[in-house]
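The structure under discussion is supplied below as structure tokens; questions concerning it will follow.
In this chain, numbering begins with 1 at the start of the sequence shown. Both ligands and their constituent atoms are indexed starting at 1 by order of listing. Since we're looking at a predicted model, the values are computed, not measured. Just so it is clear, the values below take in all heavy atoms, side chains as well, and ignore hydrogens, waters and symmetry mates.
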Amino acid sequence: MVKAYKIATLASHSALQILKGARQEGFETIAICLKGKEKPYKSFGVADKIITIDSYNDFMNVQDELIKENAILIPHASLIAYLGTDKVNELKVPYFGNKGILEWESDRTMERKWLVKAGLKMPKIFKKPEDIDRPVIIKFHGALGGKGYFVAKDHKDFKEKIKNYKGETGYVIQEYIVGVHCFAHYFHSPLTGELELLGFDKRYESNVDSLGRISARDQIALPTIDPSYVIVGNIPLVVRESLLPEFFRMGEDTVKESKKICKPGLFGPFCLETVITPETEIITFEISARIVAGTNPYVDGSPYTALKYDEPMSTGRRIAREIKTAIKTKQLDKILA
Ligand code: AMP
Ligand code: AMP
């Protein structure tokens, strides 16, 4: 039965893991790849078929081929970033996930409403620059991968720095939370109703993660160094065990609330992006309503999936397992859009 379907994804972000996981569950796999970027997908041998496109705009043109192959498309951040939510909504090829939730996560106001209702603590938002009374991080709408953020220590500093961003229109001024970053990876199965905690990671961001290598004295001597948050990789993490009950609560309430705002709610993989303060308060600054690349260190499973499964279980494989179960129990309509 599984052989009647193929698993397809855009070749970037977490595609290697998604395709490998699909293989492990018995699916044939398809990578849709930008011309010139095929090497990893060929070298690691995770794709049964590579469909090459000249530009991301051509993605819409390969849909008929995907439909003919009976492919199920697995979304990730690169697909959303390169196609945009409008195009993703127009996709005709079967899509793993709830497309309606995209609107809720891409609009910061809607996202906040959802997460606050779920009982998550979030950074304070300053509506007007004049209200800034503590360190803040300024996020421009549409900023990708942490590029184009800046931090300001007070209102005066903000006024100085915003001058460098003349062309930018919308932005949000968020309280800067001092603590350690922790990205929680979840999977909610609409078939079993269970919320699973699959792992955690922390990010490796340029240049903010290397500023500590420059002494404060030299940083002052080089005033042009401003932190930037461009993602270059992900580092595995295991959290203090006593934090786990709250992480489970947060994941479960996020799913519960999502069912009220956008039926049938959030399912499949998702991630809560948090900062944990010295008071062990967990502050959530973002949600990703799909697989995050922070799960990539766990192609062979994480310490948490090792506890639950007696076999290597990556997030990519967990997605394929859900699709396989849905095929076998004739419930595909519950997980595809
Ligand atoms: P890319 O295909 O690598 O250019 O990534 C497209 C978008 O996906 C980026 O702008 C990021 O927002 C996101 N992304 C890619 N890789 C990662 C990662 N390792 N961690 C977090 N976000 C990522
Ligand atoms: P985002 O694009 O929202 O995932 O954020 C990119 C990076 O900016 C994060 O990984 C953090 O390093 C940093 N960041 C975002 N929001 C905050 C915040 N409120 N406080 C501290 N750091 C933040």
Close N or O approach (Ile177, ligand 2; < 3.5 Å):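 Indeed, backbone or side chain, Ile177 has an N or O that close.
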Trace of the salt bridge (charged side-chain N to carboxylate O under 4.0 Å, His left out) decision for Glu90 with Lys87: CA-CA 5 Å; Glu90 283 169 27; Lys87 284 257 157 52; 5.5 Å; no
Which option out of Tyr204, Phe183, Tyr149 puts a heavy atom nearest to atom 6 (C) of ligand 2? Tyr149
Looking only at non-hydrogen atoms, the one of His181, Lys139, Lys124, Glu286 nearest atom 16 (N) of ligand 2 is Lys139
Kindly identify the option in Ala15, Gly233, Ala77 whose heavy atom sits closest to atom 13 (C) of ligand 1.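 Answer by nearest heavy atom: Ala77.
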Between Asn234 and ligand 1, which part of the residue brings a heavy atom under 4.0 Å of the ligand: side chain, backbone, both or neither? side chain
Any sub-3.5 Å donor-acceptor pair from Thr52's side-chain atoms to Lys35's backbone N or O? no
Hey, looking at atom 9 (C) of ligand 2, which of Lys202, Glu205, Glu175 has the closest heavy atom?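 Nearest option to atom 9 (C) of ligand 2, by heavy atoms: Glu205.
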Side chain, backbone, both or neither: which part of Phe285 comes within less than 4.0 Å of ligand 2 when only heavy atoms are counted? side chain
Evaluate Glu281 against Lys121 for salt bridge (charged side-chain N to carboxylate O under 4.0 Å, His left out), listing each step before the verdict. CA-CA 8 Å; Glu281 261 200 314; Lys121 292 179 196 132; 3.5 Å; yes
Arg203-ligand 1 polar pair, N/O distance under 3.5 Å: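 Among all N and O atoms of Arg203, none is under 3.5 Å from an N or O of ligand 1.
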Among Phe150, Tyr149, Phe158, Tyr171, find the residue that satisfies the ring-ring contact (aromatic ring centres under 6.0 Å, His included) test when tested with Tyr165.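 With Tyr165 as partner, Phe150, Tyr149, Phe158, Tyr171 yield a single ring-ring contact (aromatic ring centres under 6.0 Å, His included), made by Phe150.
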Just which atoms of ligand 1 are under 4.0 Å from any heavy atom in Ala293? 17 (C), 18 (C), 19 (N), 20 (N)
Check each atom of ligand 1 against the heavy atoms of Ser12 and keep those under 4.0 Å away; list them by number with element. 1 (P), 2 (O), 3 (O)
If you group Ile, Leu, Val, Met, Phe, Trp and Tyr whenever their side-chain heavy atoms sit less than 4.5 Å apart, what else falls in with Leu16? Leu19, Tyr41, Phe44, Val46, Ile50
Can you list the residues that meet the salt bridge (Lys or Arg N to Asp or Glu O under 4.0 Å) rule with Lys42, with sequence neighbours excluded?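 Applying salt bridge (Lys or Arg N to Asp or Glu O under 4.0 Å) to Lys42 gives none.
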Test Asp48 against every option in Lys6, Lys3, Lys20, Arg23 by the salt bridge (charged side-chain N to carboxylate O under 4.0 Å, His left out) rule and name the one that passes.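 Option passing the salt bridge (charged side-chain N to carboxylate O under 4.0 Å, His left out) with Asp48: Arg23.
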